[in-house]
Amino acid sequence: PVIFFWAITFDWSLNDPFSGTILSHQLSRKFVLWLLIGSFTVIAPVTIRNLLNGEDTVLVAANGGINFFTGNNPTADGFSPILPGIQWQRAKRLERSWGTLRPSQVSLNWWKEGFKFWYHHPLNGAKLLVKKFLFFVKDRELPNSRDFLLARRDSRLLNIPFPTFGIIFPLAVFGIWRLRQTLYRFWFLFIPVFPVFLTNLLFFTCAKYRILAAPFFIMLAAVGVQDLVRQARQAPVRSFALTALVLMALMAGAFAAPPG
């Protein structure tokens, strides 16, 4: 998602997203130059270390393949970041059967194994994709290494009743609907959300992946709240009641038990 967001930001740096006008070439070159410097300053040391110590060209990490297979195999549940029990033992035996490979080659083989699952079991893959989508829009924060519900027992901060995803996401959907006529002016709010959403569908859904989209959903949810207040003051009672019912239905769906 970061690479995709960087590519879009590259284009955004050449244009003014609010007016749609092209910035001066001199100003655009400065934006692009500092964007490139900042991006490569963060990534390059890790890539160089991988090349020197591991003798392998790996941009950041070589676990993309195994993570993809973890979220796309016959026993995948759509949110678990691990291969349980005997499944892991079989995976390690398969990995050893490939012989001595560099980490990037091992990762590539795991990508192939994940795509084999989709090739041989397309219906199961489609069902799994739907489950991941439902996990993404549900209120529950699916744990990766620590369960937030358990962590709340020992944290006063986590017990503060902040709005949860089950409230924010339906309000964001309402905000998107409210902006539908002028949505093109706010396209840059959706650019970071799409790669995060696609990553959750491609691999598996969990809280630490989904939270990257939360700040942008919060901004859209603020638009939804603002319009609700406006409707409560100005719109006919029947129109406001219908809007409130739709919003409550979306929230009820978000708070319903996740699939599986």
Any donor-acceptor N/O pair, Asn50 side chain to Ala61 backbone, under 3.5 Å:
no

Determine yes or no for a side-chain-to-main-chain donor-acceptor pair under 3.5 angstrom, with Asn67 supplying the side chain and Gly64 the backbone.
no

I would like to know whether Val196 and Arg210 meet side chain to side chain contact (heavy atoms under 4.5 Å, CB included); could you show each step before the answer?
CA-CA 7 Å; Val196 172; Arg210 186 178 69 173; 5.6 Å; no

Main-chain N/O of Asp77 paired to Lys132 side chain as donor or acceptor, under 3.5 Å:
no

Does atom CD (Gln105) have a neighbourhood of more than 12 heavy atoms from anything else shown, all under 6.0 Å?
yes

Crowding at CZ, Arg230 (>12 non-hydrogen neighbours, <6.0 Å)
yes

Looking at side-chain heavy atoms only, is the closest gap between Trp110 and Asn73 below 4.5 Å?
no

What closest approach, in Å, do Leu228 and Phe240 show between heavy atoms, and which atom pair accounts for it?
O-CE1, 3.7 Å

pair Asn124-Phe117: side-chain heavy atoms closer than 4.5 Å:
yes

Which heavy atom of Ala221 sits nearest to which heavy atom of Ile168, and what is that distance?
CB-O, 3.6 Å

Neighbour count above 12 (heavy atom, 6.0 Å) for Ile211 CD1:
no

Applying ring-ring contact (aromatic ring centres under 6.0 Å, His included) between Phe79 and each of Phe203, Tyr209, Phe135, report the one that passes.
Phe135

So do Phe255 and Thr164 actually touch side chain to side chain, heavy atoms under 4.5 Å?
yes

Hey, can you tell me if Phe169 and Phe165 have their rings parallel, tilted or perpendicular (30° and 60° cut-offs)?
parallel

Within 6.0 Å of CH2 in Trp118, more than 12 heavy atoms from elsewhere:
yes

Using atom types as modelled and distance alone, determine if a side-chain donor or acceptor of Asp56 lies under 3.5 Å from a backbone N or O of Ser104.
yes

Keeping the roles fixed (side chain from Thr70, backbone from Ile66), state whether a donor-acceptor pair exists under 3.5 Å.
yes

Can you label the angle between the Phe115 ring and the Phe68 ring as parallel, tilted or perpendicular, going by 30° and 60°?
tilted

So, the side chain of Arg178 versus the backbone of Gly224: is there a donor-acceptor pair under 3.5 Å, distance only?
no

Give a yes or no on whether the backbone of Ser239 and the side-chain of Thr243 come within a donor-acceptor separation of less than 3.5 Å.
yes

Does a side-chain heavy-atom distance below 4.5 Å link Leu201 with Phe197?
yes

Apply side-chain hydrogen bond (donor to acceptor under 3.5 Å, both in side chains) to Asn109 and Glu113, showing your working.
CA-CA 6 Å; Asn109 282 347; Glu113 292 297 321; over 6 Å; no

Check: Val223 and Met219 side chains under 4.5 Å, non-hydrogen atoms:
no

